[in-house]
Amino acid sequence: MRFSMIIAATALLLLTGCTDGESGGGGTPDGYVRGAGAKVSLAYPKSWTAAPATTTTPVDARDGANAQIQVLEEVSKAGSADLLGDIAQTSPQLQAPGYERKGSKKISVPGAQAATRIDYVYKTDQGVPAAGVGLGILDKDDHVHVVRLSWLTGKLDDSAVEDIIDSVKVT
């Protein structure tokens, strides 16, 4: 069953609550714009280019080939806090060369009942070192949402990563 949920999340392609002490405020930092779906919103740098929204991916913005953020809504309509880590790490990068999970922790996301953050590194198809953060989010209706942020190593500073992650909120 757990493997089926992971496969379903990957196939559908991609957020609030319990915390180990870290929490985001869900605000929009200066120099950022807010992208929003029906349930999840977040802020990303104004200089990034937004792709057209789809039903399952209402936010998809990029900094050229250097970085990308995606919101995947309702990857499951019957989720649990126990599955958030597994769902957060389901991404194309999981199959990339050099994929290594660097850490996992529960975080607070405004409007969510639970959220898990997964940090990882990998190499692109061209062998370029890259990193990413996946968030698995459980909303008040037990629906699961995923946020994926990935970037080429050295192309997105730590403060920008944290600004983006801290801006995530569920409505």
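These numbers were taken from a predicted model, which means no experiment stands behind them. Heavy atoms only: backbone and side chains are in, while hydrogens, waters and symmetry mates are out.
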Do you know which two heavy atoms are closest between [X] and [Y], and how far apart they sit?
{"X": "Ala43", "Y": "Ser167", "value": "N-OG, 2.7 Å"}
{"X": "Thr124", "Y": "Ala130", "value": "CG2-CB, 4.2 Å"}
{"X": "Ala53", "Y": "Pro58", "value": "CB-O, 3.3 Å"}

* Identify which one of Val109, Val168, Thr171 satisfies the side-chain contact (heavy atoms from CB on, under 4.5 Å) criterion when paired with Val40. =>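 Passing option: Val168.
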* To do: Evaluate the criterion side chain to side chain contact (heavy atoms under 4.5 Å, CB included) for residue pair Val133 and Arg148; output intermediate values, then yes/no.
  => CA-CA 6 Å; Val133 173; Arg148 289 191 194 140; over 6 Å; no
* Asked: Does a donor on one side chain and an acceptor on the other come within less than 3.5 Å for Glu74 and His143?
  ->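 Yes.
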* When you check the side-chain N and O atoms of Asp60 and Gln68, is any donor under 3.5 Å from an acceptor? ->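 Side chains of Asp60 and Gln68: pair found under 3.5 Å.
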Non-hydrogen side-chain atoms of [X] and [Y] separated by less than 4.5 Å:
{"X": "Gln70", "Y": "Val59", "value": "no"}
{"X": "Thr57", "Y": "Val71", "value": "no"}
{"X": "Tyr122", "Y": "Pro129", "value": "no"}
{"X": "Ile69", "Y": "Trp48", "value": "yes"}
{"X": "Ile107", "Y": "Leu135", "value": "yes"}
{"X": "Ser104", "Y": "Thr116", "value": "yes"}
{"X": "Lys123", "Y": "Val128", "value": "no"}
{"X": "Asn66", "Y": "Leu156", "value": "no"}

* To do: Check whether any side-chain N or O of Ser41 sits under 3.5 Å from a backbone N or O of Val170 as a donor-acceptor pair, and report yes or no.
  =>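 No, because the side chain of Ser41 does not come within donor-acceptor range (under 3.5 Å) of the backbone of Val170.
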* **Exam field: side chain Arg34 to backbone Gly27, donor-acceptor pair closer than 3.5 Å** =>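 Such a contact is found between Arg34 side chain and Gly27 backbone.
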* To do: Following the transitive rule for hydrophobic clusters with a side-chain heavy-atom cut-off under 4.5 Å over Ile, Leu, Val, Met, Phe, Trp and Tyr, establish whether Leu42 and Val161 coincide in one cluster.
  =>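 Yes, same cluster.
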* **Approximate separation, where rounding is to 0.5 Å, of His145 NE2 and Asp139 CG** =>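 Between His145 NE2 and Asp139 CG, I get 3.5 Å after rounding to 0.5 Å.
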* To do: Could you tell me the separation between the CG atom of Asp63 and the CG atom of Leu152, rounded to the nearest 0.5 Å?
  =>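 It comes to 9.5 Å.
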* Are Asp119 and Arg101 close enough, and set up right, to give a salt bridge (Lys or Arg N to Asp or Glu O under 4.0 Å), and what steps lead you there? -> CA-CA 6 Å; Asp119 291 85; Arg101 188 170 164 165; over 6 Å; no
* **Tyr32 vs Tyr44, ring pair (Phe, Tyr, Trp, His ring centres under 6.0 Å): CA-CA, chis, key distance, verdict** => CA-CA 5 Å; Tyr32 284 63; Tyr44 57 88; 8.2 Å; no
* Asked: Do other residues, nucleotides or ligands put more than 12 heavy atoms under 6.0 Å from the CG atom of Asp125?
  ->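 No, because the 6.0 Å sphere around CG of Asp125 holds 12 heavy atoms or fewer from other groups.
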